[in-house]
Amino acid sequence: MSALSKKVIVTAALPYANARLHLGHLRSTYIPADIYVRYLRAKGVDAIYVCATDEHGTPIAVMAEQSGKSCKDYVDYYHKLILEDLLAVGCSFDIFARTTNPEHYELTQEFFKRLLEKGYIYEEEYEQLYCPKCKRFLPDRYVEGVCPYCGSPGARGDACDACGRYLKPSELKEPYCIICKSTPELRTTRHWFFKLSAFQEFLEKWIKENERLPDNVKNFALQWIKEGLMDWCITRDLDWGVPVPVEGAEGKVIYVWFDAPIGYISSTIRYAEERGKPEVWKDYWQNPDAEIVHFIGKDIIYHHAIFWPAMLRAHGDFNLPTIIVAGEFLTLEGKKMSKSRGWVVEIKDYVAKFDPDSLRYYLAVSSPLTKDADFSWDEFLRRHNNELADVLGNFVHRALTFAYRNFGEKIPSAKELDDYDKQAIAEIEKAHSEASKYLDQFDFHSAIRRIIDLASFGNKYFNDKEPWNTIKTDPDKAATTIHVSCRIAKALAIMLAPFIPNAAERMWSMLNLPGSVHEQPWDEALKDLPPDHLIPAPKPLFTKIEPKVIREQKEILRRSLAERTGEAEAPKVSIDEFKKMDLRVGTVIEVERVPGSKNLYKLKIDLGELGIRQSVAGIAPWYKEDELLNKQVAVIANLQPAKIFGVESEVMILAAEDEEGVSILQPDKKKRNGSKIL
RNA sequence: AGCGGGGUGGGGUAGCCAGGUUAACCCGCGGGGCUCAUAACCCCGAGAUCGGUGGUUCAAAUCCACCCCCCGCUACCA
C-alpha cells in the first residue's frame with residue numbers, strides 16, 4: 001500500500017463549454033475521479049475534487065458567432081448544463097469553477113508575465129492570415145483549407161483531422177475565412193511563444209523517472225518527446241479569452257490550452273476564497289508533501305503530460321502533477337459514440353430514467369480504466385438486476401428483514417462465534433484490504449469486483465448457516481448469524497460509498513447507524529455494530545429494471561441513428577438532368593494498387609470512341625486485380641475529374657453497395673466499349 | 001495506410017506489464033439444494049489445447065519474433 005500524503009488535489013479534465021457530456025466522459029474521467037476522491041476522503045486524506053468548465057478558445061468563439069449569441073451567453077448556458085449533468089451522477093466536487101472567473105484571468109496573466117520575465121516566453125513576428133472583409137486575423141478554427149501535408153480539404157487552422165498534424169493557419173493551402181468564405185491574405189503580426197523545446201530533457205527525465213505515471217500516459221508522452229518538442233504559439237488574435245498582459249498587445253488573447261490547465265489552480269483559489277481561507281490553496285499547490293492527481297481522457301495526454309508540467313516547471317512556484325490517470329474510451333453497443341450520428345446516450349437522458357448509481361457501478365465494474373470498454377443496454381440490465389439487485393440488494397434485504405422480523409426490529413448481538421463466523425469476519429477484513437490496495441492503484445474495476453464478491457460471500461454464509469432453521473433450535477446461533485451478516489452489510493455500505501453513494505447511504509439508513517455513510521472513516525468497515533440495535537423496516541435496495549424498458553432504450557437509440565444517418569429519399573430529377581450524365585460501358589485494361597492506400601485501385605478503362613480513361617476506385621477489399629482485368633464495367637464519363645490520393649481520376653465506376661460490400665455493375669451481355677447507358 | 005485497442009468455454013469480460021497450484025468472474029445451459037429474502041440465494045456439472053506458427057525457459061494465456069483476423073479514430077473509398 002502506498003503511503004498517502006496528507007493533502008491531495010484531485011482534478012478532472014475541464015469539460016469544454018460547447019456541448020453536454022455523455023457516458024463516455026463519465027467513464028474515462030469524472031466517475032473514476034469521483035470514486036477516487038471519495039475514497040481518499042474516507043481514508044482521512046485531506047482531498048479536494050476540483051473541476052471547472054473550460055470556456056475560451058476559437059471553437060466557442062466560432063460557435064457562438066454562428067449561433068448569433070455572445071460568447072458569454074453561450075458558455076453560461078453550457079456551464080449550467082454540464083454542471084447539472086455531473087451533479088446528477090453524484091460527482092462530489094469541492095469546487096466547480098469557470099475559466100471566465102476573475103481569479104482565473106488574474107492567475108493566467110500572472111503566469112504569463114512570470115514566464116515572460118524568465119525568458120520562457122518570447123515574442124516573434126510572423127505572417128498570419130488576415131480576412132480583409134471581416135477585418136481581422138484568423139486564428140485557428142476561423143480558417144479552413146487544404147492540408148499541406150496530406151492534401152485533404154477541410155483542414156482547420158490549428159490541426160488537420162485527416163492526418164492529425166498540428167498546423168499553423170498560414171500553412172494551409174487554399175485557405176478561406178469560415179465566417180465570410182473570402183480568401184484571406186498574409187499580414188505580419190506579433191505573437192508570443194512558449195519555449196517548450198527548452199524542457200525536452202527535463203520532461204524526458206521527469207516522465208521516465210515518475211514511477212506512478214501509468215504506462216499508457218508514459219508511452220504516449222515519450223513518443224512525442226522522441227519526435228522533438230516544438231515551441232508553442234500561445235497567443236491569438238481574438239477578443240474572447242484572457243488578454244495578453246503586455247503593452248501594445250491589444251486585441252490579443254492567451255491561447256486556450258495555455259489558460260485551461262491553469263484552471264486547476266485558479267479553481268482551487270476560488271475554493272479557498274469560498275471557504276473564507278484565501279491562503280489554503282497553497283497547501284495543495286505549493287506544499288511539497290501535497291499530491292496532484294489529474295484524471296483525464298486519453299485524448300489529452302499530450303497537454304497534461306508534456307505541456308502542463310513544462311508550464312509549471314517554467315513558473316517555478318507550483319508542484320508538478322504526481323499522477324496522471326488517463327481513461328480510455330467507451331463504445332456504445334460495440335460502436336464508437338458519435339453525437340452527430342445520433343449514436344450516443346447523454347447523461348440527461350440516462351438520469352431521467354435510471355439510477356445514477358447503476359451507471360457508476362456499470363462503468364466502474366465493466367473493465368479496467370486502462371482499456372476501452374463498451375456500454376450495452378443488455379449488459380447494463382444484467383448488471384443492475386443480477387449484481388446490484390440480486391447479489392447485493394437481496395443479501396442486505398434478507399439479512400435485515402430476518403433481524404427485523406425475528407429479533408424485535410433489532411439487529412441482535414452476537415453470541416458465541418464459531419469458526420465459520422470468524423471466517424466471515426476475516427472475509428470482511430480481506431475484502432477491505434484488497435479493495436484498498438486496488439483503489440490505491442486506480443484499479444476501480446478490481447476494487448468494486450472484490451467488494452461485490454463480499455456480498456456473494458455473505459449470501460453463501462447466510463445460506464450455509466440456515467438461520468431460518470437455527471432460529472427454532474438454537475436462537476443464539478441464529479442471532480450470531482444475523483449479527484455477522486449485518487456486519488457484512490455495514491462493511492459493504494462503507495466500501496461501496498465511493499462507487500454507489502446513494503445506495504450506500506440507503507444501506508446506512510436501513511442499518512440505522514449514526515450520521516452519513518459518507519462521513520465514515522474507511523476503516524469503520526472493520527468495526528462491529530452496536531449491540532441490539534434497532535432498525536427500520538427494510539426496503540429493497542434496488543428495484544429491478546424491466547426488460548421492456550431496456551428494449552425501449554435500444555429502440556430509441558436505433559431510431560435516433562436512423563434519423564441522423566438515414567438517407568432521405570433522393571429528390572426527383574428531370575430527364576434532362578439525367579441526360580447530362582454521360583454513362584458508358586468500358587473494359588478494364590489495366591489494374592494497379594495506388595501506393596500507400598488500402599482500398600484504392602488505379603484502373604485504365606477502354607471507353608471506345610472516348611479513348612482510354614483513368615479511374616481511381618475504392619474497391620480493393622472486394623476485388624483482386626485479375627478479377628477486374630478485362631471485365632466490362634459501367635462508368636460515368638463526364639464527372640468533374642479529381643485527384644484521389646494524389647492520383648488523377650477521370651471517370652467513376654458504378655457499383656452497388658450494401659452491408660456485405662461492393663459489387664460493380666456490368667452489362668449482362670458484352671457490349672462495344674464506349675456504348676452509352678440509357 | 002498511420003495511430004490506438006483487441007482475438008481467452010455458447011455470449012460478455014478479467015488475468016498478460018512483475019512467466020509457475022485444478023485459467024477466474026457474470027450471463028446462458030444441465031442437475032441438485034434451500035424456502036429467510038426482491039421467483040431472490042447456495043451447491044454440483046458440462047463446456048477453453050487462452051487467434052496461428054516458431055522461439056526463449058525446468059515452466060508460456062503471460063516474454064520474444066513473424067503471420068492471420070477484428071474493432072475504433074483519421075483518411076482515400078471518383
Side-chain angles (χ1 to χ4, degrees), chain A residues 147 150-152 154 159-165 214-216 219-220 223 298-299 328-329 331 334-338 365-368 370-374 376 378-379 381-383 385-406 443 445-446 449-450 452-453 455-471 478 481-482 485 538-544 594-601 603 613-622 635-636 639-655 657 662:
Chain A
C147 173
C150 71
S152 66
C160 171
D161 279 340
C163 60
R165 286 187 179 84
D215 287 344
N216 59 344
N219 297 339
F220 192 88
Q223 241 174 3
K298 67 173 172 184
D299 51 333
E328 302 280 320
F329 285 161
T331 51
K335 283 184 282 189
K336 177 73 186 176
M337 286 196 223
S338 159
V365 80
S366 62
S367 100
T370 50
K371 268 190 162 180
D372 283 337
D374 182 51
S376 118
D378 288 332
E379 188 69 10
L381 175 77
R382 249 181 257 135
R383 292 220 184 259
N385 286 354
N386 192 261
E387 295 171 21
L388 288 179
D390 293 348
V391 172
L392 173 67
N394 186 51
F395 168 66
V396 172
H397 191 246
R398 71 197 294 206
L400 290 175
T401 304
F402 200 99
Y404 187 79
R405 292 187 186 159
N406 296 291
D443 185 352
H445 160 80
S446 302
R449 186 71 265 153
R450 186 64 190 86
I452 294 298
D453 282 350
S456 269
F457 172 84
N459 276 316
K460 178 174 162 48
Y461 167 80
F462 199 99
N463 257 56
D464 293 346
K465 281 286 186 177
E466 304 180 350
W468 55 91
N469 287 330
T470 56
I471 185 81
T481 301
I482 297 309
S485 297
K539 288 188 210 119
L541 190 56
F542 290 98
T543 314
K544 291 210 191 186
V594 174
S597 81
K598 189 180 178 186
N599 299 344
L600 300 182
Y601 282 132
L603 308 167
R613 299 283 179 87
Q614 180 164 299
S615 173
V616 177
I619 53 177
W622 297 283
V635 302
I636 172 163
L639 203 62
Q640 186 77 41
K643 271 199 177 176
I644 298 152
F645 231 74
V647 180
E648 182 83 9
S649 182
E650 302 164 302
V651 301
M652 174 174 128
I653 292 179
L654 303 182
E657 180 176 31
V662 165

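Just so you know, these numbers come straight off a predicted model, no measurement behind them. Quick note on labels: first sequence line is chain A, next is B, and so on, each numbered from 1. The basis for the numbers below is simple: all heavy atoms, side chains too, and nothing from hydrogens, waters or symmetry mates.
Put simply, NE2 on His397(A) is 14 Å from P on rA40(B), counting in whole angstrom units. The distance between atom CG of Asp464(A) and atom P of rG32(B), rounded to the nearest whole Å, is 20 Å. Rounded to a whole Å, the CZ atom of Arg383(A) is 10 Å from the C1' atom of rA14(B). Protein atom NZ of Lys298(A) is 9 Å distant from nucleotide atom P of rG6(B), rounded to whole Å. Atom CZ in Phe402(A) sits roughly 12 Å away from atom P in rU35(B) (whole-Å rounding). One atom, CD of Glu466(A), and another, C1' of rC42(B), lie 10 Å apart when rounded to the nearest Å.
Nucleic acid contact class of Lys371(A) (heavy atoms, under 4.0 Å, all strands): base. As judged by a 4.0 angstrom heavy-atom cut-off over every strand, Pro467(A) is placed among residues making no nucleic acid contact. Within 4.0 Å (heavy atoms only), Phe542(A) reaches at least one base atom of the nucleic acid.
Listed candidates were rU38(B), rC36(B), rU13(B). Nearest to the side chain of Lys544(A) is rU38(B). Comparing rU35(B), rC42(B), rC25(B) by their closest approach to the side chain of Arg449(A) singles out rC25(B). When distances are taken from the side chain of Glu387(A) to each of rU38(B), rG5(B), rC26(B), the shortest belongs to rC26(B). If you check rA40(B), rG5(B), rG12(B) against the side chain of Glu379(A), the one that comes closest is rG12(B). Nearest to the side-chain atoms of Phe462(A) among the listed nucleotides rG5(B), rC36(B), rA14(B) stands rC36(B).
Pairing of rA65(B), defined by two Watson-Crick or G-U wobble distances under 3.5 Å, is identified with rU53(B). Taking a pair to require two hydrogen-bonding distances under 3.5 Å in either a Watson-Crick or a G-U wobble arrangement, rG2(B) pairs with rC73(B).
The 5' end of RNA chain B is approached more closely, in terms of each residue's nearest nucleotide, by Arg382(A) than by the other of Lys460(A) and Arg382(A).
Both geometric conditions, a ring-centre gap below 5.5 Å and a plane tilt below 30°, are fulfilled for Trp468(A) over the base of rC36(B).
For a distance-only test at 3.5 Å, the side chain of Asn463(A) qualifies as a donor-acceptor partner of the base of rC41(B).
OP1 or OP2 of rC27(B) sits under 4.0 Å from a side-chain N or O of Asn386(A). Listed pair Arg398(A) / rU35(B) fails the phosphate criterion, with no side-chain N or O lying under 4.0 Å from OP1 or OP2.
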